[in-house]
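For reference, the structure is listed below as structure tokens.
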Amino acid sequence: MSNQKESLTLGILKYSISTWINLIVGLLSVVVTTRLINPHDYGLITIFISSTAFLMYILTLGLDSAFIRFYNDPPKGNTQNQLLYKCLFISTVFCCIAGLLVFFSFSSKVSFFIFGIESKLLICLMFIYCLSQVWLRYLNISFRMSFRAKQYNIQNILINCLTRILIILSALISNNYLFIISILTIGIASTLIIYLFVQKNEFTPINSQGQLDRSLDFSGFRPYFRFALFSAPTYIVVYFNTFMSQQIIREEIDAHALGIFASVSMFISILTAVQGGFSTYWSAYVYKNYSEEDSKIKKMHDVIVAFAIIMASAVVCSRDFIYLFIGSFYHSSKTFFSLILILPILNFIRETTDKGLQISNNNHISLFIHILTVMINLGLSYCLINKIGIIGAAIANAISGVFLFTTSAYYGQKYFRTINSIIKSSCGVFVLLCLLTLPSITNNIMNIIFGTLLLDVIAFSIYKDEVGLMCNVVLSFLVKKKYNL
């Protein structure tokens, strides 16, 4: 429990404010962008965003993950300010060197490989956007790890919502992908400039004696760099998976098909936003309290599984209603949209099952699991797309997601137990998977609703205590009473 004696539930909700605002903006962006932007151009915009995310994690080299892990325990002789200063310095140098090298030597080839178009401007925008996101990520982590919920939420809202808002506003002027990407880059870079002034005291290298110390002494950083280097490949592999999945669709079919597939990714980003508020608070909470709050950590897993089932049920039953607001060019994704949601929903639950790998510093196991996951996804995607089309990519995504979840949970539990009952948890996840495959089995919405109700009866008989707990929490906040989980 935090020193401020907040309830666990209140802490999670406090860090979820930006999540729910992102959710609302995300829903609006789905409605507007699918009507203003054609699938071809939206596919290229999606490739830009996924490629810069992939590039960002290559250039940070896991230093951002290590910053989270060592924030409360910096290398000997370093303050938190010095740690952030040194991380920013290293990442900036790598980004600038890589950007200049690619721009002056390989810009045409790299641009054609990523977008199917030769454009130095796109490469330039990629690296400006990437560097801005790198700095904003570090600054956002600084707010997060110092438990400044208000500042964190404001910044997170700006970072996440601004992307969607800028895409919408620029699409109102022109639906040309290059114009939209340019406005998006300018907007993100402008946000960074603002926060460089707001948070300048946090990356000013003040040492433990209160003096300015700009020296780049990395003695004592060996455990930090070791953790970073083992963490980096995991994130790189995850974003490589997203990037290459999209590239396979673009290469094997076309950018138009990628745009349709990516429209479902809008739902993924919304679900990721729901996960974000929980994961932001939960990671810091577990790292700080895993030796003292064992029972609460185990209870949270069951609550999250029950919540995921409720969330999946709502999305599946609302399918036809949701697609009323989506542009008609994107309606062919109806048959596979819920399959693509399997991965992000299981990742949501995975937040409560695999922390043992991080606590025990066994990042190499996590890396190996993610590499196998990517191999399964890309291999199946390539094979299935050629046989059954775009739905093959969705099936591959779902299968690889199940593999990632089960293997991560297995090894995570070996090092830190967070599941009270393996049988109960397995039944809950099985019901969840059945729910999310229903729309691909039958297109009749009445059959989908009936199947969902039947599965929910089974699930709630298993998770009746957790459902009751969530109802009590909601009621307690409605009547403005604090509820202690």
Side-chain angles (χ1 to χ4, degrees), residues 26-27 30-31 33-34 38-40 42-43 46-47 50 241-272 308 311-348 373-374 376-405 429 431-449 451-452 455:
L27 289 170
V30 170
V31 175
T33 53
T34 56
N38 64 65
H40 177 273
Y42 188 74
T46 301
I47 280 285
S50 67
N241 185 31
T242 302
F243 171 66
M244 284 307 299
S245 294
Q246 294 174 355
Q247 282 291 84
I248 289 173
I249 295 171
R250 187 183 68 79
E251 289 284 343
E252 296 301 316
I253 308 179
D254 53 30
H256 184 276
L258 173 59
I260 293 172
F261 187 85
S263 69
V264 182
S265 297
M266 297 179 194
F267 292 106
I268 294 176
S269 64
I270 292 168
L271 289 175
T272 302
M311 185 166 58
S313 299
V315 172
V316 167
C317 290
S318 304
R319 186 198 65 177
D320 285 4
F321 177 74
I322 291 170
Y323 272 86
L324 289 175
F325 300 95
I326 295 176
S328 58
F329 288 120
Y330 297 85
H331 280 202
S332 56
S333 63
K334 260 187 181 184
T335 56
F336 61 82
F337 90 105
S338 60
L339 291 177
I340 299 180
L341 301 184
I342 288 176
L343 177 60
I345 291 180
L346 288 182
N347 281 343
F348 183 27
T373 301
V374 171
I376 291 169
N377 182 41
L378 297 184
L380 286 175
S381 290
Y382 185 80
C383 294
L384 294 176
I385 285 174
N386 285 316
K387 291 184 177 181
I388 57 177
I390 194 171
I391 193 172
I395 294 172
N397 189 271
I399 293 173
S400 63
V402 173
F403 173 81
L404 173 62
F405 174 78
V429 172
V431 169
L432 180 65
L433 293 175
C434 290
L435 280 168
L436 292 171
T437 54
L438 271 176
S440 296
I441 297 172
T442 175
N443 194 45
N444 187 298
I445 191 63
M446 296 309 298
N447 290 339
I448 292 172
I449 293 173
T452 300
L455 290 168

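The chain is numbered in sequence order, starting from 1. Just so you know, these numbers use all the heavy atoms, side chains as well, and skip hydrogens, waters and symmetry mates. Source: prediction; values computed, not measured.
Rounded to the nearest 0.5 Å, atoms CG (Asp320) and CG (Asn444) are 9.0 Å apart. Note that OG of Ser245 is 13.5 Å distant from CZ of Arg250, once rounded to the nearest 0.5 Å. Gln247 contributes atom CD, which lies 12.0 Å from atom OG1 of Thr242 (distance to the nearest 0.5 angstrom). With rounding to the nearest 0.5 angstrom, the CD1 atom of Ile345 is 12.0 Å from the CD1 atom of Ile340.
Between Pro439 and Val316, the closest heavy-atom pair is CG-CG1, 3.8 Å. A pairwise comparison of heavy atoms in Arg319 and Asn443 identifies NH2-O, 2.9 Å as the closest pair. Counting all heavy atoms, side chain and backbone alike, Ala257 lies closest to Ile249 at C-CG2, 4.1 Å. The two atoms that bring Gly43 and Leu258 nearest to each other are O-CD2, 3.5 Å, heavy atoms only. For Ala312 against Leu435, the heavy-atom pair with the smallest separation is CB-CD1, 4.5 Å. When all heavy atoms of Gly401 and Leu343 are compared, the pair lying nearest together is CA-CD1, 3.5 Å.
Inter-residue side-chain proximity for Leu346 and Leu404 is flagged as unmet; no heavy-atom pair is nearer than 4.5 Å. Inter-residue side-chain proximity for Phe261 and Thr46 is flagged as unmet; no heavy-atom pair is nearer than 4.5 Å.
At least one donor-acceptor pair under 3.5 Å links the side chain of Ser440 to the backbone N or O of Thr335. Ser50 places a side-chain N or O within 3.5 Å of a backbone atom of Ile47 that can act as its donor or acceptor partner.
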*Take Leu455 and Thr452 through the side-chain contact (heavy atoms from CB on, under 4.5 Å) test and state the conclusion after the steps.*
CA-CA 5 Å; Leu455 290 168; Thr452 300; 5.9 Å; no
_Step-by-step side-chain contact (heavy atoms from CB on, under 4.5 Å) determination, Ile342 to Asn397_ = CA-CA 8 Å; Ile342 288 176; Asn397 189 271; over 6 Å; no
Indicate every side-chain donor-acceptor pair of residues 379-395 with a distance under 3.5 Å to a residue at least two apart or in another chain.
from   : atom 1 : to     : atom 2 : distance (Å)
Ser381 : OG     : Asn377 : O      : 2.7
Asn386 : ND2    : Tyr382 : O      : 2.8

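Relative ring orientation between Phe337 and Tyr323 is described as perpendicular, the plane-to-plane angle rising above 60° on a 0-90° scale split at 30° and 60°.
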